[in-house]
Protein chains: 2
Amino acid sequence: MAVPERANSTDFRLTPQRRAILEAVRETACHPDAAWVYERVRRSLPNISLGTVYRNLGLLAQEGLIRELALDDQVSHWDGWIEPHDHIVCIHCGKVANVEVAALSDAIDGEAEHAAGYRVLGYRLCLQGICPECQAGGKS
Amino acid sequence: MAVPERANSTDFRLTPQRRAILEAVRETACHPDAAWVYERVRRSLPNISLGTVYRNLGLLAQEGLIRELALDDQVSHWDGWIEPHDHIVCIHCGKVANVEVAALSDAIDGEAEHAAGYRVLGYRLCLQGICPECQAGGKS
DNA sequence: ATCGTTGCAAATAGTTTGCAACTAA
DNA sequence: TTAGTTGCAAACTATTTGCAACGAT
């Protein structure tokens with residue numbers, strides 16, 4: 001369960017920019033996109049560029065330190081929690097929460113033989129719903 | 001099970017462009033993107049513009065005549081089969097096939113109470129795997 | 001010295017939009 | 001004659017890339 005502190009590649013330097021990006025993604029529960037991370041990191045590193053943020057979000061994910069989310073959005077979102085889990089998106093406000101659908105992995109493995117002859121390696125699941133706040137606000 | 005021929009809105013005209021786009025999406029099993037549809041439709045309507053294709057893919061989906069896919073791709077894909085079903089993408093060649101994971105809906109409903117207080121309305125599932133052709137081609 | 005990394009700016013890809021002309025009821 | 005639709009082109013958004021300068025080993 002320990003969060004990796006060290007990257008996989010030997011020649012992957014954890015520069016101040018990368019550390020700040022990693023911390024920004026880890027410290028929030030909001031599943032941010034690149035623009036959010038950019039604004040957040042600029043507080044401590046005002047000269048960082050958006051290109052560097054994009055570059056390093058991808059590289060950090062490649063190193064296994066963060067995860068790219070599979071939301072149905074046209075912008076990429078990122079998650080500092082790298083254990084396998086899924087997400088639910090509020091269709092009203094867009095807020096994202098983590099969900100663990102334990103029974104799902106089994107259900108999917110059980111259905112694998114129906115998968116048109118494909119060998120099934122994994123899945124991406126994203127639930128849609130209404131968050132507690134929007135329910136309270138009278139959204140149906 | 002009948003495929004709708006008529007759109008939901010009264011003032012939605014099934015113009016030649018729209019009919020051609022609809023037929024193109026329905027006639028193929030390849031789950032095409034806008035560029036593919038554009039090229040296909042240009043055979044019969046050489047002057048159609050890409051903007052019209054984009055516009056009408058969205059409108060046809062809004063009318064319930066086609067579906068937008070929830071693949072993990074940065075480009076939108078479309079499906080003429082509008083009954084609820086999911087998809088599996090080959091991680092080698094990108095080919096998309098339909099899958100029906102019957103047990104899934106129940107499994108997800110059963111897990112709904114764990115969904116961080118959200119009211120669960122639906123889900124998007126996309127399996128990843130290796131297609132028969134790539135398996136035969138020696139891909140692991 | 002080397003080689004990964006950065007900031008900047010330009011480029012790219014996919015998609016959307018404004019608008020005048022067109023078209024069917 | 002009106003309201004929806006089209007083709008065109010420009011605009012837009014998210015992201016990627018080329019490159020010279022920088023910096024840690």
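Every heavy atom of this structure was used, including side-chain atoms; hydrogens, water molecules and symmetry mates were not. A note on names: the letters A, B, ... follow the listed sequences, proteins ahead of strands, and every chain is numbered from 1.
- For the side-chain contact (heavy atoms from CB on, under 4.5 Å) with A:Val41, the qualifying choice from A:Ile21, A:Val25, A:Asn56 is A:Ile21, the only one to do so.
- Between the CZ atom of B:Arg19 and the P atom of C:dA24 there is a distance of 13 Å, given to the nearest Å.
- Distances shorter than 4.0 Å separate none of the side-chain N or O atoms of B:Gln74 from OP1 or OP2 on C:dG14.
- Following rounding to the nearest Å, A:Phe12 (CZ) and D:dA24 (C1') show an atom-to-atom distance of 15 Å.
- Atoms CG (A:Leu57) and P (C:dT6) sit 12 Å apart, rounded to a whole Å.
- Closest to the side chain of A:Gln17, out of D:dG7, D:dT15, C:dG7, is C:dG7.
- The one candidate from A:His31, A:His85, A:Glu83 that meets the side chain to side chain donor-acceptor pair (under 3.5 Å) condition with A:Arg67 is A:His85.
- Residue B:Thr15 places no side-chain N or O under 4.0 Å from the OP1 or OP2 atom of C:dA24.
- OP1 or OP2 of C:dT6 lies within a sub-4.0 Å distance of a side-chain N or O belonging to A:Asn56.
- Between B:Gly51 and B:Arg18, it is B:Arg18 whose nearest contact on DNA chain D lies nearer the 5' terminus.
- Across the protein-nucleic acid pair, A:Leu14 atom CG and C:dT6 atom C1' stand 15 Å apart, rounded to whole Å.
- Side-chain contact check for B:Tyr38 versus B:Thr52: every heavy-atom pair is 4.5 Å or farther apart.
- The separation between A:Glu63 atom CD and C:dG4 atom C1' is 13 Å, rounded to whole Å.
- Between the side chain of B:Arg124 and the backbone N or O of B:Ala70 there is at least one donor-acceptor pair closer than 3.5 Å.
- Using a 4.0 Å cut-off between charged side-chain N and carboxylate O, A:Arg26 and A:Glu23 make no salt bridge.
- In this structure, the CG atom of A:Asp11 is 7 Å from the P atom of C:dT5, given to the nearest Å.
- Taking every side-chain heavy atom of B:Arg13 into account, D:dA3 is the closest of C:dG14, D:dT15, D:dA3.
- Contact annotation: B:Tyr54 side-chain N/O to C:dT16 OP1/OP2 distance is not under 4.0 Å.
- Distance from the side chain of A:Thr52 is smallest for C:dG7 among the nucleotides D:dT5, D:dT16, C:dG7.
- Taking atom CG on B:Leu60 and atom C1' on D:dT6, their separation rounds to 15 Å, with Å as the unit.
- One can place CG of A:Leu50 at 8 Å from C1' of D:dT15, the figure rounded to the nearest angstrom.
- Under 3.5 Å, the side chain of B:Arg55 and the base of D:dG7 form at least one donor-acceptor pair of N or O atoms.
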